[in-house]
Every structure is written in C-alpha cells, then in structure tokens.
Amino acid sequence: MAIHATRSLRALTKLACGASLAALAVSPAHAQDAASDANDTVATEDEIVVTGFRASLDKALDVKRESVAAVDAIVAEDIAKFPDQNLAESLQRIPGITIQRDGGEGRGITVRGLGSQFTRVRVNGLETVATSTDGASANRDRAFDFNVFASELFSSIVVHKTASAELDEGSLGAVVDLNTGNPLAGKSGFTAALSAQASYNDLSEKAGPRVAGLLSWVNDAGTLGFAVSAAYSDQKTLELGNNSVRWAQARFDSVDGTPCWTTNNAGGTYVPSAACNEVSLAFHPRIPRYGEIAHDKKRLGITGSIQFAPTDATKISLDGLYSSFKHQRRERWGEVLLRSNERSINVSDYEIDGDNNLISATLDDAWVRTEHYLRQAKTEFYQFGGSWDQDVSDNFRFTLLGGLSKSTASIPLETTLVFDDRDAQDYRYDYSNMARPVLTFGTSVTDPANFQLAEIRDRPSEVENKFRTAQLRTEWDVADGFTVKAGAVYRRFDFTSIAFTRDTVVCGNGGVDRVLGTLACSPSSAFGPAAVYGFPVTASLAEMFTLGKAGQPAGTTTEWLVPNLEAGTAFTGLYNRTPALDAGNNRSVREEVKGGYLQFDAKGELGGLRYALNAGLRYVHTDQTSSGLSSGAAVTVERSYEDWLPSMNLALFPHDDVIIRAAVADVMTRPTLGNLTPGGSVDGFNYRINYGNPFLDPFRATSYDLAFEWYFAPQSIFSVALFKKDIASFPVSTTTSGTFASTGLPTSIIPPSSPAAINPEGQLWTINSIGNGEGASLKGVEVSLQAPFTFLPGFLSNFGGIANATFVDSDADYSVAGPSIVPGGANVGAIRNGTLFNLSKRAYNGTLYYDDGKFSARASISYRSRYADANSGTGNVFEGYGSTINVDASMRYAITDNIELSIEGINLTDEYRYRFTDIDADRNYENNHFGRTFLFGARVKI
C-alpha cells in the first residue's frame with residue numbers, strides 16, 4: 001500500500017482557519033503528535049503524492065515547517081519501517097547532530113556541540129534514561145544510550161532544538177522525542193507487517209537474524225485501536241586494533257647501558273644523567289598492546305498501544321514499551337605493562353620525536369602480560385504511560401499525562417585473568433606510525449613455562465534509573481489567534497549504582513599467596529626467573545590466541561597465550577571469593593522536581609507581515625539527595641535549588657515559502673551524576689583520586705537562535721541557522737598532587753589488584769575535585785539543503801539529495817595536570833582553554849537517493865571532525881577521538897505493493913576509530929575497526 005503525503009492546505013484546515021503557514025504552527029510540546037498524525041491527512045484532488053523514502057522526508061518536513069520553535073524530525077515511511085537500523089545513526093542526518101559509536105554502532109549523540117548529558121530524551125512524551133553497558137564501561141550518568149532499542153519499534157523522532165515554557169526542562173542541547181506509534185491514525189481493520197533480515201559482519205565473519213513485526217487494528221468507527229510490535233536481533237561483531245592505555249613519564253632502570261639508579265631493578269637512589277633525564281621526561285606508552293574485542297549483542301523489544309476516542313473531544317491512550325539488551329564482551333590482549341613498572345626496565349636503541357615522545361625503544365626486563373576479559377551484561381527497560389486528551393469546550397482543552405519507566409543495566413560477571421612474565425628480554429615497540437605501531441615480543445609468548453597466573457578480577461555491578469512523571473497541560477483559546485497555556489509537572493528521578501570487586505593480585509609483598517594459600521611468594525623487590533608472583537601456568541590453564549586483521553604492520557607479534565577463563569576461574573575459586581564494595585561506584589541520587597509553566601501563543605499579522613510566536617515562563621524546584629561512601633562510611637547530603645526559565649520563539653512569514661525563526665531562552669541541565677557523589681573514588685592503577693561535590697550548581701545558560709528557511713519546492717528546503725549559548729555556570733575540576741596519607745582516606749578503599757595497594761606511597765597521587773566554575777560560551781551555524789531532482793529529465797527525476805553542514809566553536813577553561821618538568825616530579829597543574837567536551841568543530845552529512853515507487857536506493861556519508869571528550873591523565877592534556885567518515889547504503893525493491901526485498905551496507909569503508917591522548921601531541925590511545933555489516937532481507941505487509 002502506498003503512503004500518501006500531501007501539501008494540500010485544505011487537508012489541514014482542521015488545525016486552523018485560513019490557508020496560512022502561520023496558522024499551521026504547532027507548539028514544540030506537541031510536535032511529536034504532529035509526526036504521528038502526519039499519516040492521518042485527507043487526500044484531495046490538489047495533493048502531491050509521494051511514496052517510499054520520499055514520503056518519510058516529506059512528513060518530516062511537515063513537522064519542521066508547522067512548528068513555531070526550531071524542530072527537526074525523522075518519520076517512518078510506513079508502519080514498522082524506520083529508515084535506519086540504529087536511532088543514533090538516524091539522528092546524525094539531522095543538522096547539528098553528531099554521534100559517538102561504541103562497538104561499531106551509534107550510542108550517544110551530541111547536539112550543537114553539547115554532549116549526551118545535555119540532551120533530554122522522552123519516550124512517548126515521558127522523560128527517561130536508557131542505560132547500557134556497551135563500550136569500555138557502563139553508562140553511569142544522564143546520557144541516553146540509543147543502542148538499547150531496536151529502531152523498528154519507533155514511528156518517529158522529533159528533535160526540539162530551542163526551548164519553550166511548555167517543553168520539559170533539563171536540556172542545554174536538545175529535547176528528543178521518541179514515538180512508538182499512533183493506532184488511530186491507521187486504516188480500519190487489521191494491518192500486519194513482518195520483516196526478516198540476515199545480518200553479516202565481514203570482520204567477525206558471522207551472521208545473525210534481525211526480525212520485526214507489527215499487528216494493529218482499528219474499528220470501523222475509528223474510535224478504538226490497538227497496536228503491538230516486536231523486534232529481535234542477534235549480532236556478532238569484532239573490534240580489532242591496538243591500545244596504549246595513555247602515555248606517561250617515568251624513570252627507568254637504565255638507558256643505553258647507563259644506570260639510572262644506584263641499585264638495579266628496585267630500591268636505591270636516582271642518579272641523574274643526560275640520557276636518564278631525557279628518557280624520564282619523554283612520554284612512553286603505558287601498556288602498548290594489540291588485541292581483539294568480540295561483541296555478542298541480542299536485542300528484544302516489544303511495544304503496545306491502545307487508543308480510545310469515544311468522541312471527537314476525547315482521546316485516551318495507554319502505551320507500554322519493553323526492551324532487553326544482552327551484551328557479551330570478550331577481550332584478549334598481548335601487552336607490556338610499563339605502567340608503574342618502569343623502575344625495573346632497561347631502555348636501549350630509542351628515539352624521541354619532536355613531541356617529546358619516546359616513539360620507539362627496545363626494553364629488557366620488561367613486564368609482559370596477556371589478559372583475557374569477559375563481561376556479561378543485560379539492560380532491561382520498562383515504560384508504562386497514559387494520556388487523556390479532553391476538549392472541555394470549543395476553546396478550552398487539557399491533557400493529563402503520567403507514567404513510569406525503569407532502566408536497569410546489570411553486570412553479573414566482569415572477569416579478567418592475567419598471565420605475567422616479569423623479566424622478558426628484547427621487547428621492541430615502534431610508534432613511528434602512531435596509529436599502527438609495531439609491537440614485537442622478544443621472549444616467547446606461546447610457551448606456558450614463561451608465564452605465571454598473577455592476577456584475578458571480577459567486578460559485578462548494577463546501575464538503575466527510575467522516572468515517575470505526572471503532568472497536566474491546559475490550553476485556552478482566549479481569542480482568534482491567541483492561546484494561553486498553563487501546566488504543572490511532578491517528576492521523581494532515582495539513580496542507584498552498586499558495584500563490588502573480587503580483585504586480587506595472587507602475591508603481595510612476600511608471604512603466602514592471597515588466593516589458595518599454597519605459594520611461598522617472593523617479596524616485591526625480587527627479580528628474575530626465580531621470583532614467585534603467581535601460579536605456574538600449565539597447558540590446561542591457557543589457550544592460544546591468534547590476532548586477526550588489526551591493522552598491524554609486518555614484524556608485529558600475532559600469536560600469544562591467554563588465560564583460559566573457565567579453567568582459571570575454577571582453579572582459583574574466583575567466584576567463591578567474598579566481594580568487597582567498590583567505594584566510588586556505590587552511590588545514589590534522588591531528584592524530586594515540582595514545577596509549572598505559563599505560556600502565551602499568538603499568531604496573526606503585524607504591518608502586513610504574518611507571524612506566530614510563543615512566550616512564557618517555566619518554574620522548577622529541585623530537591624536533591626546524594627548518597628555515597630566517604631572514607632568507608634555512608635554519607636547522605638540534601639539540598640534544594642530552583643530555576644525560573646523564560647523563553648520565546650518567534651516565526652515570521654514574509655512569503656508563503658519562507659520562514660524566519662528567532663528564539664531566546666534560559667535553559668539548564670542538572671549536574672553530572674558522578675560529580676554529585678559525596679566522598680571520593682580511588683584509581684590505584686593511575687594513582688588518582690576523584691572527589692565529588694553534591695553542592696554543584698546545575699549547568700545554566702542563555703540560548704539564542706536565528707534561522708532562515710526557504711521551502712522552494714515540494715519536499716525541498718534550504719535553511720541556515722545561527723545559534724549561540726552563553727553558559728553562566730560550568731563545573732570545573734581542580735587538580736593537585738599529594739601523598740595518599742594527605743587525603744585522609746583509608747587504604748582499604750584502594751583496589752586490591754592495583755600497584756598502589758602494595759605501595760600506597762610509591763609515587764605522588766593526582767587529586768581531582770570539582771567546583772562551580774566561571775562558565776563557557778558556544779556559537780555555531782547549521783546549513784541544510786534537501787530536494788528531489790524533479791527538474792531532471794526521465795528517470796533522473798527520481799533522484800534526490802540531502803546535505804547539511806554544521807560549524808561550531810566554543811570557549812571553556814579547564815584545570816589540567818600537565819607534564820612533569822623534573823624527573824620523577826609531580827604533574828604541573830595549569831588552566832587550559834579549549835572547546836567544550838564532545839564538540840566537533842565541523843560536521844558534514846550527505847545522502848543521495850533514488851526512488852521510483854518500486855525501486856529505491858540511497859547512499860549516505862557522515863563526517864565528524866576531531867574532538868576532545870575528557871580531561872586526560874598522567875600528564876596528558878585532554879583526550880578524545882580523531883575525525884571519522886562513515887558511509888552507509890541501502891537498496892529496496894517492491895515486488896508487489898505488499899512484498900519488498902532489501903539489501904543494506906553499514907560502514908562500507910570499514911572506518912577505523914582513532915582515539916588520542918593529549919590534544920597537542922596526538923598520542924595514540926587506541927586505533928581499532930569493526931568491519932562492514934551487510935543486511936539481506938524481505939518485508940511483507942497485509
């Protein structure tokens with residue numbers, strides 16, 4: 001069945017009197033309804049009929065054009081047929097939005113230079129947080145993980161880029177509405193759709209199913225309807241590449257045969273020399289390594305919706321959504337552990353480059369390590385909501401909306417076993433090609449006799465987010481073209497993080513081992529093949545690993561032994577160990593929000609110029625309770641704050657096809673959850689302590705927007721948008737150096753498997769705290785062009801294109817800890833100016849499509865420039881990701897009106913993801929790739 005989208009104003013006269021664009025303006029809070037209602041237009045003899053992908057573009061353009069505020073949308077062209085495989089990857093087509101990928105898949109979004117924590121997400125009108133454990137670590141913050149949901153479950157995404165009084169607060173970036181359906185917008189009777197695809201990744205060389213279906217029914221009177229949809233996928237992918245785990249400065253045992261200490265390997269006094277000082281002050285990779293990360297992802301999603309409209313004045317909706325995301329992540333690494341072990345390592349045949357990097361070297365007495373890591377995780381998301389829309393009279397109406405959601409990301413198993421060879425000879429690394437280093441082991445890494453099982457870890461954890469929401473919205477048409485809106489909101493958000501560790505090194509500083517009590521361990525100062533620091537490795541405790549296509553140059557070692565997890569955990573009794581609390585990740589935050597808004601909407605003419613506007617004030621009072629562990633004791637801190645948030649959106653219509661928009665608003669985002677924790681967390685591997693601050697102020701800003709939109713032809717737009725944000729409050733970190741004793745924290749909270757657990761005062765600690773800072777600024781421009789090529793002759797007229805570019809700049813001050821300036825000295829603190837984290841200064845997106853009703857094809861390319869995403873550590877200033885280019889394509893052929901075949905390709909160029917540490921020296925943090933994914937499928941609709 002073809003989908004019809006119309007530009008006929010007569011089909012939309014129920015919205016307002018008169019055929020003016022201003023009369024069609026809808027409020028941002030109801031833009032998601034407009035996206036759902038776009039299917040519910042009435043065909044007339046004046047309509048322009050489009051089908052397929054063009055229909056989705058046309059309906060999305062309707063949503064944008066009919067809003068007073070700045071809005072962008074993506075709309076499904078048909079039921080259960082979202083145009084992309086991933087919601088985040090769909091959003092990157094919208095001007096001003098870039099995405100961050102994990103495991104080769106879109107996960108979080110950045111809107112106009114502001115990261116995921118600054119974007120609020122609503123599902124069917126209710127704010128929520130979906131938390132996954134994809135990537136290197138679990139999301140324990142406000143960011144929304146879009147990879148939790150199958151895209152087939154949604155009918156539209158609406159992005160509100162400017163604020164209004166009736167729109168939920170909490171965003172400096174955008175409010176994103178995800179909508180799962182609108183049963184009464186469908187035709188009467190039963191409708192069903194089923195799609196099935198096989199997904200194949202050319203790096204893992206594994207295939208998996210992707211299945212989605214929908215069943216809906218509407219009675220003949222159009223007063224009662226329901227819809228149920230489900231989607232399931234099973235995807236197995238690989239991530240191959242290298243990792244340095246940052247770079248650092250340290251004093252080595254000797255340099256080119258010159259001793260740097262009065263004794264070898266341990267103890268003694270540092271002996272300065274030109275060579276020892278030069279190498280000490282240069283930066284070297286902390287854990288140079290190659291490896292493989294295997295991802296096994298299973299998603300199940302179910303939605304249900306019931307709508308009842310007994311009269312034109314009443315509509316009641318009940319919606320439910322369930323999603324299950326199971327993810328198994330397995331890592332195998334072969335590495336050298338320079339970190340904290342430089343004291344025993346001899347350096348020779350080295351080179352230092354112009355960025356003060358020890359870019360290549362040969363190492364003797366090196367600490368060779370192989371790791372096998374396994375994390376089993378599950379995210380479950382539930383949401384139940386309902387709404388009652390009632391026209392009390394011809395000029396007064398209300399909406400009552402409420403519901404609850406819960407997202408739980410649990411990690412019952414996060415296990416690592418470690419083999420060590422702590423006196424390996426003739427190890428060579430060469431980072432002359434920073435992205436693709438040569439890493440060569442001189443000592444055999446395939447002989448079990450060279451290794452000892454030295455460390456065991458398990459870190460179970462769980463993160464839970466809950467939202468409870470109740471809202472009342474009212475509208476009163478005071479006069480023709482003037483409406484007063486008022487409402488009230490109650491929202492409670494609960495965040496809880498619980499984490500434990502079963503970590504231990506097998507041997508401490510001599511004595512019996514900490515695992516089985518059967519070894520006579522050597523003291524930590526002991527060195528050489530006779531030193532006992534773990535269990536002897538036998539063939540039954542090991543398995544051989546062969547590195548695949550990780551981009552490694554010739555000369556790189558590609559085979560090594562790793563621990564066999566099943567045998568190793570059974571041998572050590574790892575899962576029988578009593579778990580200890582992970583102090584920094586046992587915390588909670590509760591936020592209770594009460595508030596309301598008053599907004600005035602107007603439309604009309606002034607001096608012959610048509611306009612539409614909304615202006616209003618939103619008030620919210622936040623009661624915050626933060627709990628955590630400080631010095632091993634439970635601490636709870638309560639506080640309250642309030643915000644008055646005025647806003648105004650204005651749309652001018654100098655011509656039927658031209659809209660000029662302007663907006664100004666005060667906006668806010670509540671502080672990062674991790675920063676609100678009382679007390680501190682301890683990183684014993686990097687000798688770093690992070691303190692939270694439950695009295696942090698929210699991020700507060702004034703936002704300005706100015707946009708020009710020209711709808712120069714059907715399904716076409718050229719637009720330019722200017723935006724600026726003056727961020728008045730911006731939490732900043734402060735960094736100092738000191739001894740562990742100076743913090744007053746007990747040594748019991750140092751992770752037991754870390755080097756600091758054995759020697760807490762082995763080096764100075766980096767101590768980070770956070771406070772309320774001066775603020776920051778951001779400004780940028782978006783340019784967008786979309787059009788079908790109907791001006792071309794013949795079949796060429798079935799082509800079309802979408803292109804947009806975003807340019808953003810920002811200014812923020814950060815407290816950083818820079819390089820040491822004397823051998824063995826502390827990192828030097830400084831204030832560094834830079835861009836806001838997660839901000840790419842340039843982003844480009846382009847799509848070329850063909851659609852003739854039966855056959856359609858499109859190819860998309862997305863570019864994102866380099867960006868920093870965090871303060872770094874160990875003397876590096878900022879870390880982040882290099883620029884990326886992603887290319888996707890798809891083809892569909894409709895055999896009949898009800899049967900369609902498809903083929904899709906994702907990441908067709910097999911783009912590598914390069915992560916840097918230190919924004920100036922561009923040192924390699926990691927460089928990996930994920931392969932191409934192809935999907936072959938069919939879809940049936942009845």
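Sequence positions, counted from 1, serve as the residue numbers for this chain.
- If you check the side chains of Y373 and E414, you find a donor sitting under 3.5 Å from an acceptor.
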- Mind running side-chain contact (heavy atoms from CB on, under 4.5 Å) on T440 and Y427 for me, showing each step along the way? CA-CA 6 Å; T440 307; Y427 174 79; 5.9 Å; no
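- Judged by the 6.0 Å and 45° rule, R343 forms no cation-pi pair with F252.
- Taking 4.5 Å as the limit, some side-chain heavy atom of R422 sits within range of a side-chain heavy atom of Y533.
- When side chains are defined from C-beta on, T370 does not count as touching W333, because their heavy atoms never get closer than 4.5 Å.
- Within the 4.5 Å cutoff, side-chain heavy atoms of V515 are placed close to those of T504.
- Because its NZ or CZ atom is both nearer than 6.0 Å to the ring centre of F916 and within 45° of the ring axis, R866 counts as a cation-pi partner of that residue.
- Residues N876 and R923 are in side-chain contact: their nearest non-hydrogen atoms beyond the backbone lie under 4.5 Å apart.
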- Message: Quick one, Y270 with N277, criterion side-chain hydrogen bond (donor to acceptor under 3.5 Å, both in side chains). Give me CA distance, side-chain angles, the key distance, then yes/no.
- Response: CA-CA 10 Å; Y270 182 70; N277 289 350; 2.7 Å; yes
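- Counting only heavy atoms from C-beta outward, the side chains of V271 and W261 never approach each other to under 4.5 Å.
- In this structure, the ring of Y431 has its center less than 6.0 angstrom from the ring center of W247.
- Residues G113 and V808 approach most closely at CA-CG1, 4.4 Å, considering heavy atoms.
- Side chains of T362 and R428: a donor-acceptor N/O pair is present below 3.5 angstrom, by distance only.
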- Message: Apply salt bridge (charged side-chain N to carboxylate O under 4.0 Å, His left out) to residues R832 and D920 and explain how you reach the verdict.
- Response: CA-CA 12 Å; R832 175 67 182 262; D920 300 316; 3.0 Å; yes
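- In terms of heavy-atom proximity, V255 sits nearest to A275 at CG1-CB, 3.9 Å.
- In this pair, Y912 and H929 present their aromatic rings parallel. The plane angle is below 30°, not in the 30 to 60° band.
- Remark: R502 is not positioned above the aromatic ring of F500, lacking an NZ or CZ atom under 6.0 angstrom from the ring centre and at most 45 degrees off the axis.
- Side-chain contact of S432 with D430: a donor-acceptor pair under 3.5 Å is present, judged by distance alone.
- A826 approaches S820 most closely through the heavy-atom pair O-OG, 3.4 Å.
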- Message: Is there a side-chain hydrogen bond (donor to acceptor under 3.5 Å, both in side chains) between Q552 and N242? Walk through the geometry before answering.
- Response: CA-CA 8 Å; Q552 68 272 23; N242 66 79; over 6 Å; no
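- In the model, Q249 has no side-chain atom that pairs as donor or acceptor with a side-chain atom of H284 under 3.5 Å.
- Residues N927 and R915 have side chains that never bring a donor and an acceptor to within less than 3.5 angstrom of each other.
- Taking each heavy atom of P671 and F699 in turn, the nearest pair found is CA-CE1, 4.2 Å.
- T672 and Q117 share a side-chain donor-acceptor pair at under 3.5 Å.
- Side-chain contact, D869 with N838: no donor N or O sits under 3.5 Å from an acceptor N or O.
- Looking at V445 and N450, their side chains never come closer than 4.5 Å, going by heavy atoms from C-beta outward.
- Figure legend: cation-pi geometry between R913 and Y881 absent, as NZ or CZ is not positioned both under 6.0 Å from the six-membered ring centre and within 45° of its axis.
- F878 has its ring centre less than 6.0 Å from the ring centre of Y814.
- If you check the side chains of N693 and N675, you find no donor sitting under 3.5 Å from an acceptor.
- The minimum heavy-atom distance linking Y867 with S840 is given by the pair CD2-OG, 3.3 Å.
- Side-chain atoms of P288 and S244, non-hydrogen and from C-beta on, never get closer than 4.5 Å to each other.
- With hydrogens and angles left out, the side-chain atoms of N346 and S254 include a donor and acceptor closer than 3.5 Å.
- Without hydrogens or angle criteria, N928 side chain to E239 main chain gives no donor-acceptor distance under 3.5 Å.
- Among all heavy-atom pairs drawn from E371 and P563, the shortest one is C-CD, 4.2 Å.
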- Message: Apply side-chain contact (heavy atoms from CB on, under 4.5 Å) to residues I821 and V828 and explain how you reach the verdict.
- Response: CA-CA 8 Å; I821 58 176; V828 178; 4.2 Å; yes
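- Put simply, the side chain of D420 does not reach to within 4.5 Å of the side chain of Q452, judged on heavy atoms.
- In summary, the side chains of S872 and T917 do present a donor paired with an acceptor at a separation below 3.5 Å, with no hydrogens or angles considered.
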- Query: Which is it for V512 and L519 under the side-chain contact (heavy atoms from CB on, under 4.5 Å) test, yes or no, and what are the steps along the way?
  - Reply: CA-CA 5 Å; V512 298; L519 289 177; over 6 Å; no
- Check the pair D922 / Y914 against side-chain contact (heavy atoms from CB on, under 4.5 Å), numbers first and verdict last. CA-CA 10 Å; D922 196 38; Y914 178 78; 3.5 Å; yes
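- With no hydrogens or angles considered, no side-chain donor-acceptor pair links D582 and T501 at under 3.5 Å.
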